[in-house]
Amino acid sequence: MDVPQDVPLMRAVADRLGRVDEFIAMAALLVVVGSVAWGVVTRYLFPQPAAWSYEVATIGFAWMVFFGAAAGVRRRAHADIDVLVVMLPRSMQRAVAVFNWWLLTGFFALLTVLFAWQAVVAHHVYTVALVLPRSVIYAPLAVASALMLIQHLALERPWRVGAGVEVRV
């Protein structure tokens with residue numbers, strides 16, 4: 001992870017997080033594939049199909065998407081569409097970069113708060129097949145959104161000298 005040296009707290013947090021987002025996304029993908037496969041097997045080979053496989057696959061897919069997105073933020077793998085921005089003067093490019101930084105910071109913070117709030121509100125609502133509290137679905141999404149926020153804060157510094165130069169790892 002390429003964390004700027006001028007942010008020691010964020011560097012320490014980002015270093016500790018490491019690649020946990022990728023591990024969780026990979027595990028969730030395995031759960032999705034296994035659950036869907038088991039659902040197909042039970043549908044065609046047994047008299048009673050596994051009713052829980054759809055719920056497990058849905059929960060696993062949500063976890064995979066959000067933790068995969070957190071890994072994408074850390075690796076700077078999300079798409080940039082900068083056709084218009086590169087035609088602007090350097091000072092305007094920097095202004096757009098700072099605006100985008102604040103926009104993403106606010107978006108990740110809002111996602112974190114809303115998913116955390118939803119986890120609290122939906123804790124007493126249960127899933128149909130597994131009878132799990134819905135906070136099992138929403139709380140990890142809040143954690144993944146917080147990971148996106150932390151990694152965004154640790155990696156991006158558009159106001160630094162040379163910040164317009166993009167370095168891909």
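We find the CZ-CZ distance between Arg75 and Arg19 to be 5.5 Å, quoted to the nearest 0.5 Å. Note that the CG atom of Asn100 and the CG atom of Asp80 stand 8.5 Å from one another [nearest 0.5 Å]. With rounding to the nearest 0.5 Å, the separation of NE2 in His123 from CD in Gln118 is 13.5 Å. Ile137 contributes atom CD1, which lies 8.5 Å from atom CG of Leu141 (distance to the nearest 0.5 angstrom). Going from atom CD1 of Ile59 over to atom OH of Tyr138 covers 10.0 Å, rounded to the nearest 0.5 Å.
Residues Val96 and Val98 are members of separate hydrophobic clusters, defined by side-chain heavy-atom contacts under 4.5 angstrom among Ile, Leu, Val, Met, Phe, Trp and Tyr. Both Leu130 and Trp38 are assigned to one and the same hydrophobic cluster, defined by single-linkage of ILVMFWY side chains at heavy-atom distances under 4.5 Å. Clustering ILVMFWY residues whenever any of their side-chain heavy atoms sit less than 4.5 angstrom apart, transitively, puts Val136 in a cluster other than the one holding Tyr54. Linking ILVMFWY residues whenever their side-chain heavy atoms come closer than 4.5 Å, directly or via other members, leaves Leu110 and Met148 in distinct clusters.
Side chain of Thr127 to backbone of Leu132: a donor-acceptor contact under 3.5 angstrom is found. The backbone N or O of Ala139 sits nowhere less than 3.5 Å from a side-chain atom of Ser135 that would complete a donor-acceptor pair. At distances below 3.5 Å, at least one donor-acceptor pair connects side-chain atoms of Glu55 with backbone N or O atoms of Ala129. Side chain of His152 to backbone of Trp101: a donor-acceptor contact under 3.5 angstrom is found. In this structure, the side chain of Ser35 does not engage the main chain of Val32 through any donor-acceptor pair within 3.5 Å. The closest donor-acceptor contact from the side chain of Thr112 to the backbone of Ala146 lies under 3.5 Å.
Nearest heavy-atom pair across Met64 and Ala28 is N-CB, 3.7 Å. Across Leu149 and Thr105, no two heavy atoms sit closer than the pair CD1-O, 3.6 Å. Nearest heavy-atom pair, Val36 versus Ala57, reported as atom, atom and distance to 0.1 Å: CG2-CB, 3.9 Å. Closest approach of Ala70 and Ala144 over heavy atoms only: CB-O, 3.9 Å. Residues Val131 and Tyr126 come closest through the heavy atom pair O-CD2, 3.8 Å. When all heavy atoms of Val73 and Leu155 are compared, the pair lying nearest together is O-CD1, 3.5 Å.
Membership of the apolar cluster around Val121 extends to Trp117, as traced through chained side-chain contacts below 4.5 Å between ILVMFWY residues. Hydrophobic clustering, defined by side-chain heavy atoms of Ile, Leu, Val, Met, Phe, Trp and Tyr closer than 4.5 Å, leaves Leu30 isolated from every other such residue. Grouping Ile, Leu, Val, Met, Phe, Trp and Tyr by side-chain contacts under 4.5 Å, direct or through others, puts Leu103 with Phe99.
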Next on the checklist: Evaluate Trp102 against Phe107 for side-chain contact (heavy atoms from CB on, under 4.5 Å), listing each step before the verdict.
Outcome noted: CA-CA 8 Å; Trp102 281 106; Phe107 179 68; over 6 Å; no
Next on the checklist: Between Phe46 and Val41, is the side-chain contact (heavy atoms from CB on, under 4.5 Å) condition met? List the steps.
Outcome noted: CA-CA 8 Å; Phe46 299 112; Val41 166; 4.2 Å; yes
Next on the checklist: Please evaluate residues Arg74 and Asp21 with respect to the criterion side-chain contact (heavy atoms from CB on, under 4.5 Å), reporting the C-alpha separation (whole Å), side-chain torsions for both, the decisive distance (0.1 Å), and the verdict.
Outcome noted: CA-CA 9 Å; Arg74 182 175 43 78; Asp21 47 14; 2.9 Å; yes
Item to check | CA sep, side-chain torsions, deciding dist, call: Leu147, Phe108, side-chain contact (heavy atoms from CB on, under 4.5 Å) | outcome: CA-CA 9 Å; Leu147 280 174; Phe108 295 146; over 6 Å; no
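Shown are Asp82, Leu84, Val83, Leu88; of these, the side-chain contact (heavy atoms from CB on, under 4.5 Å) with Val86 is made only by Asp82.
Aromatic ring pairs are classed by plane angle as parallel below 30°, tilted from 30° to 60° and perpendicular above 60°; the pair Phe66 and Phe115 is perpendicular.
Residues Pro140 and Phe67 are in side-chain contact: their nearest non-hydrogen atoms beyond the backbone lie under 4.5 Å apart.
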